[in-house]
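See structure below.
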Amino acid sequence: MPSTGKLAAAIPVPWELGGRAEEQFEKHLSAALETGPPTVVLDCAELQLTTSQHVELLWRARLRCQRGATDVRLQNPSPGLLRVLTVLDLADLFHCAPSPAADEADESITGVGPARAKYHDSFRPMAGETAPAAERFEAFLVPLPVPEMTRFELRTIFYEIASNISQHAGIDKDTPIAFWAEFKLGRIVMVFSDSGREYDPTAATVDFDARTAAKQRRVRGFGLPMVRRMTDTMSYIRGADGRNILTIVKTWSV
Amino acid sequence: MEACRFEHRVLHDDVFLINPGRILDNSNAHEMVHALTGAQADGFRYVVLDMTALEFLSSAGVGSLLGSVDLFREQGGDIILCHVPEPIMHILRVLDLADFFTIKSDTRQAAVACGKE
């Protein structure tokens, strides 16, 4: 870790992107960079759940800092953010350390179940492994305060994405697909990572009309539209290490 | 219908009943297509799918039904779903298929929809 000298106030990284909060972030970053500081601190406390858009925001911020020879330090990165950065081989480019508070997984809400929980699994891209992996993921969800129908949707989402990767990524059957999930009350982030050919399912997804599909005797191609309808956001990036990273966020009211 | 891999029986003269079991997904969706087209080829105008035991329906499972239903409807028949568990119903609603498929509460109501009883 380089010497940072006296650190300026940390710039909060917003969870909500694309609006005023993101504009504010860019403005604060510009102001901080005007004086050519050795280090800029980005406070990631809001990013308890991370999508690829958040990673892109951090990456853009880093590039701007790099132009002025300014280091970037992440404050309060959640374990999920650290994991995503590690998967993308970016962890070393952002100087960061987990905050003790952020690592308090599985804190309980009495009578409801854990308010936070993390899950990791990997499975081979074979038809016979997808369904059991989906069942394992559902088993992880059972003790959590997730409504039954949402749990069913999450199992379906897992199955559809895992099947899609298995069938289309062109990876060797012995090369595992990695999966992480981070649950927080009312929200779950699911991350699939595979080493297959570059494929952005968010670009390929088109919705369907039942009547037209029936007329066309269509039996395939419903998986991604189905996932789209069940999730809030689905984002894709091709990692620096050549891995496909698909991040899915689903929320529900609690 | 010796080719049908699912539990099945003839419900009426032109009504064939299939029980898809616990799971209808990538592993057996093609068999469902085979069973449905086979029933149609054997002269059954209606297929009733008793979904009592169905716990999981993937997009491939949905596709097997959606891609076959017009085969029956064009011949004045239909594929009728009955005993649909709530999670499966939920998936059908998400896909806007709850109104597209003919869905009945039980096999008796399904038979009535086929013009029997």
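All values derive from a computational prediction rather than experimental measurement.
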For A:R20, check salt bridge (charged side-chain N to carboxylate O under 4.0 Å, His left out) against everything at least two apart and list the hits. none
Within a radius of less than 6.0 Å around CG of A:D174, do more than 12 heavy atoms belonging to other residues, nucleotides or ligands occur? yes
Part of B:F101 lying under 4.5 Å from any heavy atom of chain A: neither
Relative to chain B, which segment of A:E138 carries a heavy atom at a distance below 4.5 Å: side chain, backbone, both, or neither? neither
Does any heavy atom of chain B fall under 4.5 Å from the side chain of A:Q167, the backbone, both, or neither of them? side chain
With side chain to side chain contact (heavy atoms under 4.5 Å, CB included) as the test, would you mind laying out the steps for A:Y159 and B:D25 before giving the verdict? CA-CA 9 Å; A:Y159 179 86; B:D25 65 3; 3.2 Å; yes
So if I take each residue of residues 65-77 of chain B and look for any heavy atom under 4.5 Å from a heavy atom in chain A, which residues do I end up with? B:L66, B:G67, B:V69, B:D70, B:L71, B:E74
Measuring heavy-atom distances to chain A, does B:L95 have an atom under 4.5 Å in its side chain, in its backbone, in both, or in neither? both
Separation between OG1 (A:T130) and CG (B:N26), nearest 0.5 Å, reads 7.5 Å
How close do B:V94 and A:R229 get, heavy atom to heavy atom, and via which atoms? O-NH1, 3.0 Å
When only pairs under 4.5 Å are counted, which of A:E153, A:M230, A:R220 shares the most heavy-atom pairs with chain B? A:E153
Could you check whether A:R211 makes a cation-pi contact with B:F100, meaning its NZ or CZ is under 6.0 Å from the centre of the six-membered ring and within 45° of the ring axis? no
Distance col, row A:T150:OG1 vs B:H90:NE2, nearest 0.5 angstrom, shows 6.5 Å
Counting heavy-atom pairs under 4.5 Å with chain B, the top scorer among A:G223, A:S163, A:G221, A:A210 is A:A210
Between A:F152 and B:E55, what is the shortest heavy-atom contact and its length? CE1-O, 3.0 Å
Begin with the C-alpha distance, continue with both residues' side-chain angles, and end with the deciding distance and a verdict on side chain to side chain contact (heavy atoms under 4.5 Å, CB included) for B:V33 and A:V219. CA-CA 9 Å; B:V33 173; A:V219 298; 4.3 Å; yes
Greater than 12 external heavy atoms within 6.0 Å of B:E7's CD: no
Among B:S58, B:A29, B:A60, B:P87, residue most engaged with chain A (heavy-atom pairs, under 4.5 Å): B:P87
Let's go through B:E86 and A:E148 carefully: what are the C-alpha distance in whole Å and the side-chain angles of both, what is the deciding distance for side chain to side chain contact (heavy atoms under 4.5 Å, CB included) to 0.1 Å, and is it a yes or a no? CA-CA 10 Å; B:E86 188 49 38; A:E148 188 188 353; over 6 Å; no
Contact summary for A:M226 and B:L57, nearest pair of heavy atoms: CE-O, 4.4 Å
